[in-house]
Amino acid sequence: MMITRQLLGCLSFTLLFTAAYSEPDDIYFGNKSCAVINYREGIHANKDSLRIAARYEQQAHDLYNKGHFRQAVVQWKKLLRLQPTNAFAMFMLGKSYMGLGEEEKGAALCDKAMVPGFGKITTE
């Protein structure tokens with residue numbers, strides 16, 4: 001559980017704050033260690049993880065815009081597994097639940113995403 005939490009924390013930090021990234025040879029998701037390496041030049045992420053997150057977000061948007069809210073929920077949840085501090089994804093997950101008629105659950109998720117500091121990375 002602790003390794004998973006650390007991995008998600010490292011990955012979400014990288015996905016949120018990495019604008020430019022490279023292809024370090026020794027990064028891959030097949031091991032238990034974090035898929036992030038801190039180089040002197042900055043933080044680099046595996047390009048595949050960024051592409052996957054972007055694909056989930058695009059699919060979720062498309063489904064939401066077409067009114068396929070149940071399928072959109074699945075995609076937003078997949079994105080949030082990769083980026084648990086993604087406030088936009090959390091907000092849109094809430095909107096998707098609202099589209100399904102689950103107003104209370106949707107509103108709670110939207111409110112959670114709007115809380116100042118949601119998604120802020122803290123060091124413990």
Side-chain angles (χ1 to χ4, degrees):
M1 181 71 173
M2 182 60 111
I3 292 173
T4 303
R5 186 173 288 158
Q6 289 173 342
L7 177 62
L8 288 175
C10 290
L11 185 58
S12 63
F13 175 83
T14 300
L15 292 173
L16 288 174
F17 296 106
T18 303
Y21 46 86
S22 67
E23 293 181 275
D25 293 335
D26 57 347
I27 294 180
Y28 61 95
F29 284 105
N31 64 9
K32 298 278 186 193
S33 65
C34 187
V36 178
I37 296 179
N38 188 2
Y39 288 97
R40 286 187 179 143
E41 300 89 83
I43 297 177
H44 304 271
N46 184 313
K47 281 186 178 183
D48 289 337
S49 65
L50 297 172
R51 285 187 188 119
I52 290 168
R55 186 177 68 226
Y56 287 157
E57 184 171 356
Q58 185 61 55
Q59 289 173 344
H61 266 293
D62 292 345
L63 291 164
Y64 179 84
N65 289 335
K66 291 177 183 177
H68 300 291
F69 301 117
R70 189 166 311 287
Q71 294 167 321
V73 164
V74 171
Q75 295 303 315
W76 290 122
K77 285 182 175 183
K78 286 180 181 179
L79 178 58
L80 284 166
R81 271 188 245 126
L82 286 176
Q83 300 175 340
T85 57
N86 185 329
F88 178 74
M90 179 70 67
F91 183 82
M92 290 304 297
L93 175 62
K95 296 281 288 175
S96 297
Y97 275 116
M98 289 177 169
L100 289 172
E102 297 183 44
E103 299 290 331
E104 192 172 310
K105 184 174 187 175
L109 289 167
C110 289
D111 289 345
K112 181 178 178 181
M114 299 299 291
V115 171
F118 178 82
K120 182 178 178 182
I121 305 298
T122 59
T123 56
E124 297 179 68

Can you hop from Leu82 to Leu80 via hydrophobic side chains spaced under 4.5 Å?
yes

Compare all side-chain heavy atoms of Glu57 with those of Phe88 and state whether any distance is below 4.5 angstrom.
yes

In terms of heavy-atom contacts, Ala72 and Ala60 come closest through CB-O, 3.9 Å

Would you give the length of the straight line joining atom CG of Leu50 to atom CD of Gln83, rounded to the nearest 0.5 angstrom?
8.0 Å

side-chain hydrogen bond (donor to acceptor under 3.5 Å, both in side chains) partners of residues 63-76, not counting sequence neighbours, each pair once:
Trp76-Ser96

All heavy atoms of Lys95 vs all of Cys110, minimum pair found to be N-SG, 3.8 Å

Nearest-0.5 Å distance that lies between atom CG in Leu109 and atom CD in Glu104
11.0 Å

Do Leu63 and Val73 belong to the same hydrophobic cluster, where Ile, Leu, Val, Met, Phe, Trp and Tyr are linked whenever their side-chain heavy atoms lie under 4.5 Å apart, directly or via other members?
no

Using the side chain to side chain contact (heavy atoms under 4.5 Å, CB included) rule, pick out the option among Gln58, Arg51, Gln59 that qualifies with Arg55.
Gln59

CZ of Arg81 to CD1 of Ile52, rounded to nearest 0.5 Å, is 12.0 Å

Considering all heavy atoms of both residues, which atom of Leu79 and which atom of Ala89 are nearest to each other, and what is their separation?
CD2-CB, 3.6 Å

Same apolar cluster (I L V M F W Y, side chains within < 4.5 Å links), Val115/Met92:
no

Check whether any side-chain heavy atom of Met90 lies under 4.5 Å from a side-chain heavy atom of Asn86, and answer yes or no.
no

Check for me, please, whether Phe91 and Val74 land in the same ILVMFWY cluster - side-chain distances under 4.5 Å, paths through other members count.
no

Restricting to side chain to side chain donor-acceptor pair (under 3.5 Å), what partner residues turn up for Lys77, sequence neighbours left out?
Tyr97

Residues that Asp111 engages under side chain to side chain donor-acceptor pair (under 3.5 Å), provided they are two or more places apart
none

